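A short write-up of the structure that comes next.
Just so you know, residue 1 is the first one in the sequence shown, and it goes up from there. Just so you know, these numbers come straight off a predicted model, no measurement behind them.
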Amino acid sequence: MPRAAQDTVLEEQTRTGELQESVISPPPAPNHRTLPDPAPDGAKPQSGRASEHRAANATIPRSRTGVKDGADRVQLALPQCTYCIAGTRVATTHAAGAYVSSSIKCGERSQPASSDPSGSSDPSGSSSSAAFLSVGAEITITPQPAKPSEGDNITLAVQGLSGDLLAYNWYAGPTLSLSYLVASYIVSTGDETPGPAHTGREAVRPDGGLDIQGVLPRHSGTYILQTLNRQFQTEVGYGHLQVYEILAPPVVTANSTALVERRDTLYLTCSSPSPAEVRWFFNGEALPITIRLGLSPDGRVLTRHGVRREEAGAYQCEVWNPVSVSRSEPINLTVYFGPERVAILQDSTTRTGCTIKVDFNTSLTLWCVSRSCPEPEYVWAFNGRALKNDGQDHLNISSMTAAQEGTYTCIAKNPKTLLSGSASVVVKLSAAVVATMIVPVPSRPMEGQDVTLTVPGYPKDLLVYAWYRGPASEPNRLLSQLPSGNWIAGPAHTGREVGFPNCSLLVQKLNLTDAGRYTLKTVTLQGKTETLEVELQVAHLE
């Protein structure tokens, strides 16, 4: 405190009779003060910060923190002393942790405690003229606004100031240390002197409050106000400031965004430089906490073991504090599964395991469906032999004949899960086909092509049959099928003809000379004989 201001205060105190002649006594030593004698047995020890200083049993160094108008300011390293230069105020702490202010009246030397239980003075007759430590009104420090965000202009408002005050000292730290001093303020003149902890944003108010312009997160922490009154007593009040960041959007990362169901584990990490609370969202909704959901203690790592298909979708994390909320961009998870429930459809009707009956010379389309992610690759087979279908999910039969009768199978393969599934149907000509006839497939083959002479309505109780090129005579016989099911070549066989159990005849690599009449002769188990003829035309290849 400047010496001129101190002299003014002394003069006022003398005039009003509030200060005696021996207010300021010379210290017993230039560089240290002796701590008070231990309290007598049964005396109640001081609590909190005061008791800690007394227990230290150390000297109190003095340091010059600034000179103004030739006057020295003396900073006490410990808040409690037996001889005070300018007085100090200490804080004790109740068991509940609340700050309680205490004061020391300065300018008087503390005397050893009397051993007389009655509390009378010692034999020498000397006694302390004032109490060494007394409890005063509590000073409270409240941030305004209560939950400031970075960039706000805030005030540390003060309540509970008592007496006619001369000066304020503000500290930004847990103790009354010079290194934490923000600023000193003289009430009568309005002079403010920045301290080592001043950041250029602080200003002391005449009412004792502290303004901080454009507050930053680094301003968070404990603040202490130290006041000096005209009796040269100091009081101390404590407050806490928490400055909240304006949060930047976090980032979600995953160990993989494409996993196989029930096999792989999902790990999602929410990355944010701010120590804020974290919430998770799934497809825009708050993620429910389930038995299978694992979260790290800080909530920033989400784990799903044996991920399920219903857990595929968009994941986001959100960081928040009392003044700011920020959500990440979504990260999309794909879960591979299947194929399951493979089925064959006809006209949107499931026909798996059924027999489909089709009219002669009509078309038929079979569809293969399944539950799978991704869409599976499809393979079609007829009577166990793979068909060329380019992996399509459907199969077309353009003109139904007896040659197309049989079992059709669809095989679905998932390239991600490496699983497969299949379904089959039986296709037959309908009972409406009663007339036995020979139908070339294709109906007008070209030179070099293969042709199948199909026999819709062939007798089901067939015993033997024979094919002829021309009339049904032995020299014209191409081949015959025996009751054993095997066929044998006849005199007219060229090596390009093949017979089938359903009476069909395959002629491979047609020549122009293959055109003409073909005759089929059948014999049933009952001995019934039937002869059919067809005229085959072979188109010339230009």
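A side-chain donor-acceptor contact under 3.5 Å links Asp191 and Thr189. Side chains of Gln316 and Ser328: a donor-acceptor N/O pair is absent below 3.5 angstrom, by distance only. Thr401 and Gln404 form a side-chain donor-acceptor contact under 3.5 Å, judged by distance and modelled atom types alone. Side-chain N/O atoms of Glu245 and Ser274 include a donor and acceptor closer than 3.5 Å. Counted by atom type alone, Thr175 and Ser177 present zero donor-acceptor pairs between their side chains at under 3.5 Å. No side-chain donor from either of Arg201 and Gln213 sits under 3.5 Å from a side-chain acceptor of the other. A side-chain donor from one of Asp152 and Ser149 sits under 3.5 Å from a side-chain acceptor of the other. Defined by atom type and a distance below 3.5 Å, a donor-acceptor pair is present between the side-chain atoms of Ser296 and Asp298.
Between Arg304 and Glu311 there is a salt bridge, with a side-chain nitrogen of the basic residue lying less than 4.0 Å from a carboxylate oxygen of the acidic one.
Gln242 pairs by the side chain to side chain donor-acceptor pair (under 3.5 Å) definition with nothing, not counting sequence neighbours. Every residue meeting the ring-ring contact (aromatic ring centres under 6.0 Å, His included) condition with Phe282, not counting sequence neighbours, appears here in chain and number order: Tyr315. The side chain to side chain contact (heavy atoms under 4.5 Å, CB included) search around Ser370 returns Pro339, Val342, Ser372, Pro376, Tyr378, Ala412, not counting sequence neighbours. Taking Asn383 as the reference, nothing meets the side chain to side chain donor-acceptor pair (under 3.5 Å) condition, with sequence neighbours excluded. Under the ring-ring contact (aromatic ring centres under 6.0 Å, His included) criterion, Tyr185 pairs with Tyr168, sequence neighbours left out. Contacts of Asp450 classified as side chain to side chain contact (heavy atoms under 4.5 Å, CB included), with partners at least two apart in sequence or in another chain: Leu506, Gln508, Lys509. Remark: Arg205 engages Asp207, Asp211 in a side chain to side chain donor-acceptor pair (under 3.5 Å) (not counting sequence neighbours).
Considering CD1 of Ile344 and OG of Ser422, their distance stands at 8.5 Å, rounded to 0.5 Å. Rounded to the nearest 0.5 angstrom, Trp280 CH2 and Arg300 CZ are separated by 10.0 Å. In this structure, SG on Cys373 lies 11.5 Å from CD on Glu340, to the nearest 0.5 angstrom. Annotation: the span from Ser188 atom OG to Leu166 atom CG amounts to 7.0 Å, rounded to 0.5 Å. Note that the CD1 atom of Ile212 and the OG1 atom of Thr155 stand 8.5 Å from one another [nearest 0.5 Å]. Here the CZ-CD1 distance, from Arg351 to Ile356, works out to 5.0 Å after rounding to the nearest 0.5 Å.
Val278 has its side chain out of reach of Glu318: every pair of non-hydrogen atoms, C-beta onward, lies at least 4.5 Å apart. Counting heavy atoms from C-beta on, the side chains of Val215 and Glu150 never come closer than 4.5 Å. No side-chain heavy atom of Leu228 sits under 4.5 Å from any side-chain heavy atom of Asn169. For the pair Thr269 and Val252, the minimum side-chain heavy-atom distance is 4.5 Å or more. Looking only at side-chain heavy atoms (C-beta outward), Gln392 and Asn389 come within less than 4.5 Å of each other. Contact annotation: the side chain of Ile141 never approaches that of Leu241 to less than 4.5 Å [non-hydrogen atoms, C-beta and beyond]. In this structure, Val427 and Met400 have side chains that are in contact, with non-hydrogen atoms separated by less than 4.5 Å. When side chains are defined from C-beta on, Tyr223 counts as touching Trp170, because their heavy atoms get closer than 4.5 Å.
Judged purely by atom type and a 3.5 angstrom limit, His198 has no side-chain atom pairing as donor or acceptor with the backbone of Gly195. Formation of a donor-acceptor pair under 3.5 Å by the Glu377 side chain with backbone atoms of Gly391 is not found in this model. In this structure a side-chain-to-backbone donor-acceptor pair under 3.5 Å is present from Asn229 to Gln233. With Asn321 contributing its side chain and Val323 its backbone, the two residues share a donor-acceptor pair below 3.5 Å. Between the side chain of Ser220 and the backbone N or O of Pro217, at least one donor-acceptor pair lies under 3.5 Å.
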Side chain to side chain contact (heavy atoms under 4.5 Å, CB included) evaluation trace for Tyr267 with His305
CA-CA 9 Å; Tyr267 296 98; His305 296 283; 4.1 Å; yes
Please test Ile224 against Val236 for side chain to side chain contact (heavy atoms under 4.5 Å, CB included), starting from the C-alpha separation and ending with a verdict.
CA-CA 7 Å; Ile224 304 175; Val236 174; 3.3 Å; yes
Before you tell me yes or no, could you show the steps for Glu405 and Lys428 under salt bridge (charged side-chain N to carboxylate O under 4.0 Å, His left out), namely the whole-Å CA-CA distance, both residues' side-chain angles and the distance that decides it to 0.1 Å?
CA-CA 5 Å; Glu405 288 187 318; Lys428 288 186 177 182; over 6 Å; no
Mind running side chain to side chain donor-acceptor pair (under 3.5 Å) on Glu235 and Ser162 for me, showing each step along the way?
CA-CA 9 Å; Glu235 293 182 339; Ser162 61; 3.1 Å; yes
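Taking each heavy atom of Ala312 and Asn283 in turn, the nearest pair found is O-ND2, 4.4 Å. In plain terms, the two heavy atoms of Leu225 and Gly208 that are nearest each other are CD2-O, 4.0 Å. Contact between Ala248 and Val319 at its shortest, heavy atoms only, is O-CG2, 4.0 Å. Counting all heavy atoms, side chain and backbone alike, Glu202 lies closest to Ala197 at OE2-O, 4.3 Å. Pro322 and Tyr244 make their closest contact through CD-CE2, 3.3 Å (heavy atoms, listed as atom of the first residue, atom of the second, distance). Closest non-hydrogen pair, Ser424 versus Thr409, comes out as OG-OG1, 2.7 Å.
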For residues 258-266, which side-chain donor-acceptor pairs fall under 3.5 Å, sequence neighbours excluded?
| from | atom 1 | to | atom 2 | distance (Å) |
| --- | --- | --- | --- | --- |
| Glu261 | OE1 | Arg309 | NE | 3.3 |
| Glu261 | OE1 | Arg309 | NH2 | 2.8 |
| Glu261 | OE2 | Arg309 | N | 3.1 |
| Glu261 | OE2 | Arg309 | NE | 3.1 |
| Asp264 | OD2 | Val260 | N | 2.8 |

With a cut-off of 3.5 Å and sequence neighbours excluded, list every side-chain donor-acceptor pair involving residues 330-338.
none

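For the ring-ring contact (aromatic ring centres under 6.0 Å, His included) condition, the pairs that include at least one residue of residues 383-402, sequence neighbours left out, are Trp367-His394. For residues 400-419, the pairs satisfying ring-ring contact (aromatic ring centres under 6.0 Å, His included) are Phe382-Tyr408, with sequence neighbours left out. Evaluation of the salt bridge (Lys or Arg N to Asp or Glu O under 4.0 Å) test over residues 168-190, restricted to residues two or more places apart or in two chains, returns none.
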